[in-house]
Trainee: 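What follows is a structure written as C-alpha cells; I'll ask about it next.
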Amino acid sequence: MTVDVLIFGPAAAAANTDRAPVSVREPATVRDVLTAIAAQHPGLAFALDGARLAVNQSLASPDTPVQPGDELALISLLGGG
Amino acid sequence: MTVDVLIFGPAAAAANTDRAPVSVREPATVRDVLTAIAAQHPGLAFALDGARLAVNQSLASPDTPVQPGDELALISLLGGG
Amino acid sequence: MIVVAIIVEGALTPESQARALAASGLDPRSTRSDGAVGATLRFEGIVRRDEPHPEQRGEPRALLGLEYQTYDPMAQRGLESLARAVAERHGLASIVVWHSRGRVGVGEVSFVLEISAAHRAETLAATASFIDAMKRDVPIWKSPVWA
Amino acid sequence: MIVVAIIVEGALTPESQARALAASGLDPRSTRSDGAVGATLRFEGIVRRDEPHPEQRGEPRALLGLEYQTYDPMAQRGLESLARAVAERHGLASIVVWHSRGRVGVGEVSFVLEISAAHRAETLAATASFIDAMKRDVPIWKSPVWA
C-alpha cells in the first residue's frame, strides 16, 4: 500500500512539501514506515535521527500496526518554545 | 571591654531586646565575641548554630580583630524571601 | 489544581495572553487567596536575533523571526497533557502555558509558562522539566525566517 | 548588564515595584530590544498561611503575616552585590530584585526576582543560586506574626 506521511517544519522545508508518500508491504508497522521513508526519501534522512511517528494523532511505538487510511505524521526535530 | 552586639529577627524576639552586651578581654576577635555571647546569653544559644558576626556592616572571619566602637551584628538564622 | 494550555496566533502579548486565558474560563490567581501558594514563576521565551545556520556549519545567521508550526490538535492536546503531568508530579497549584503558532518576530514572545506552588523548588523543577519535555514530545516546530 | 536591588516598605505590589524601579533610573526592558535576550524569568515569593512553629515541634501554625527586618545598609548592599555576582557568573543581561521590609500579610508578595538572559538555562540556574545565597548571606530576617 501507499501511505502519505505528514511532515512539518525544517523537514517539510527541505523536502519542499508537507506530505511524503511511501510504499510499504502490508501488514505494516510504524517501524516499516520509518524504514521506507529513509529508503524512498533520502532528502529526509537528516530528520530521521530520533524521529517518531504519530498514528492518528498519537505517538506510536515501532510495533504499532499501520492501516490504510491512518493519519501518519513524522514527529522529528521538535523545538517549540 | 564591653561591646554591644546588635541582634535581629527571631533572636531579638527570644531575647526581648535588639542588643546584647558582652564582655570580652582585649585584644578580642570575632571568635571571642561569639564565644562570649554563648556564655553570657544562654537564651541566644539557639541562634548561634552557624551564626556569623558582621563588623562595621561587613561579614567578618573568626580571626578579625574587634575594637571598641565597632558596630557588631549577629548574622544568624537568615531567611529573606 | 488549575491547568490551562493555549495556542495563540502570532506573538504573545499581555493582551493576547489575557484574552486567551479569559476564554478558558479558568483563573490561576484564584489559587492565591487561600495562602497555600508560596511561589509563582513566570517564564517567557523570546525570539533571538540569530540562530545557528545549518548550511553554514552552525555559524549564527541573522533572523527576521521564527515561524512556529503546530500539528493540530495533537499539539494542543500534548501541551495540556504535559502540563497536567508536570502539575501532578510536582504538586503544583496551577500551571498555565501559552504558545505561539505562526510568525513571531525577533524580540517578541513565543512561549510563556506560569506556575504556582507551595515552595520555590517545585516551581523551578517544574519549569525545567516542562520545557525539556515540550521540546522533545509536543509537535511544535520552529523554522527560521532569515533576514 | 543591568543590576538593580531595591528594598520596599511593606508588601510588593505592581505599583510599588514599578515606582521603585523608576526611581532607580534603570530599565531592564531596554535589554530586550537588541534581540540578544531569549529568556526572562520572574519569580515571586508569597507569604503562606502557616509556618512551622518552633515551640510546637515544628507543627504548622496559622499566620497573619511575616515581619521582615533588614540590617541597613548592609542588607541593601548585600542584595546588590549578590545580584551583580550572580549576573556576572551566569552572563545575565539583567537582574532586578525587590524585597519587602516590615509587615507582609498572608497571600501578599514579599520578594520578586526578574532575570533576563540569552537562554533559559541561565535564568533557572541564576534564580536558584540567587535565592539560596540570599537566604544564607543577606541580613534579612523574617519573624512570624501568629494569627
Side-chain angles (χ1 to χ4, degrees), chain C residues 11-12 14 28-52 60-66 93-94 104-132 134-135 142 147, chain D residues 11-12 14 28-52 60-66 93-94 104-132 134-135 142 147:
Chain C
L12 300 174
R29 300 208 155 239
S30 67
T31 63
R32 293 263 201 115
S33 53
D34 66 357
V37 165
T40 70
L41 188 155
R42 179 182 167 88
F43 177 88
E44 300 190 356
I46 299 164
V47 175
R48 297 174 62 231
R49 67 188 166 207
D50 49 31
E51 283 267 312
R61 184 176 149 183
L63 284 179
L64 289 177
L66 292 173
S94 69
V104 182
V106 169
E108 294 184 319
V109 176
S110 62
F111 169 68
V112 175
L113 181 63
E114 217 173 73
I115 281 174
S116 69
H119 306 103
R120 75 181 181 287
E122 290 98 86
T123 65
L124 290 165
T127 298
S129 77
F130 183 92
I131 299 176
D132 290 347
M134 177 178 74
K135 288 177 174 278
K142 57 181 180 188
Chain D
L12 300 175
R29 300 208 154 238
S30 66
T31 63
R32 292 265 200 116
S33 53
D34 65 358
V37 165
T40 69
L41 189 156
R42 178 180 168 88
F43 176 87
E44 300 189 356
I46 299 165
V47 175
R48 296 174 63 231
R49 66 188 166 207
D50 48 32
E51 284 267 312
R61 183 176 150 183
L63 284 179
L64 290 177
L66 292 173
S94 69
V104 182
V106 169
E108 293 184 320
V109 176
S110 62
F111 169 68
V112 176
L113 180 63
E114 217 173 71
I115 282 175
S116 69
H119 305 103
R120 74 180 181 289
E122 292 99 86
T123 66
L124 290 165
T127 298
S129 77
F130 183 93
I131 298 176
D132 289 348
M134 176 178 75
K135 286 176 175 278
K142 56 181 180 188

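Convention: sequence-line order gives letters A, B, ...; per-chain numbering from 1.
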Trainee: Atom NZ in C:K142, atom CG in C:L63: separation rounded to 0.5 Å?
Mentor: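 The distance works out to 9.5 Å.
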
Trainee: Nearest heavy-atom pair of C:P28 and C:E114: which atoms, and what distance?
Mentor: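 That would be CG-OE1, 4.4 Å.
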
Trainee: Below 4.5 Å from any heavy atom of chain C, which atoms of D:V106 appear? Answer side chain, backbone, both or neither.
Mentor: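 Interface part for D:V106: side chain.
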
Trainee: Which of parallel (below 30°), tilted (30 to 60°) and perpendicular (above 60°) describes D:F111 and D:F43?
Mentor: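 Because their plane-to-plane angle lies in the 30° to 60° range, the rings of D:F111 and D:F43 count as tilted.
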
Trainee: In terms of heavy-atom proximity below 4.5 Å to chain D, should C:A121 be classed as side chain, backbone, both, or neither?
Mentor: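 For C:A121, neither part sits under 4.5 Å from chain D.
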
Trainee: C:V47, C:I131, C:V109, C:L113: which one forms the most heavy-atom pairs within less than 4.5 Å of chain D?
Mentor: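 That would be C:I131.
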
Trainee: Counting heavy-atom pairs closer than 4.5 Å to chain D, which one of C:G107, C:A39, C:G38 comes out on top?
Mentor: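 Maximum pair count with chain D is reached by C:G38.
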
Trainee: What residue in D:E108, D:R42, D:R49, D:R32 has the most heavy-atom pairs under 4.5 Å with chain C?
Mentor: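 Top count of heavy-atom pairs under 4.5 Å with chain C: D:R49.
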
Trainee: How many angstroms lie between atom CG of D:D132 and atom CZ of C:R120, to the nearest 0.5 angstrom?
Mentor: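 Reported to 0.5 Å precision, the distance equals 5.0 Å.
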
Trainee: Is it the side chain or the backbone of C:S110 that comes within 4.5 Å of chain D heavy atoms, both, or neither?
Mentor: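 No part of it gets close to chain D.
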
Trainee: For each of D:L124, D:I46, D:T127, tally heavy-atom pairs with chain C at distances under 4.5 Å, and name the one with the top tally.
Mentor: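 Greatest number of close heavy-atom pairs with chain C: D:I46.
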
Trainee: Testing the basics here: between D:A93 and D:V37, what is the closest heavy-atom pair and its distance to 0.1 Å?
Mentor: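 Looking at all heavy atoms of both residues, the closest pair is CB-CG2, 3.6 Å.
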
Trainee: Look up atom OG1 in D:T123 and atom CD in C:E44, then write down how far apart they are to the nearest 0.5 Å.
Mentor: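 Here the interatomic distance stands at 11.0 Å.
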
Trainee: In terms of heavy-atom proximity below 4.5 Å to chain C, should D:V112 be classed as side chain, backbone, both, or neither?
Mentor: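 For D:V112, there is no contact with chain C at all, as no heavy atom is under 4.5 Å.
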
Trainee: Name the region of D:S116, side chain, backbone, both or neither, that has any atom closer than 4.5 Å to a heavy atom of chain C.
Mentor: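 No part of D:S116 comes within 4.5 Å of chain C.
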
Trainee: What is the minimum heavy-atom distance between D:A147 and D:L64, and which atoms define it?
Mentor: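 For D:A147 and D:L64, the tightest heavy-atom pair comes out as CA-CG, 3.6 Å.
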
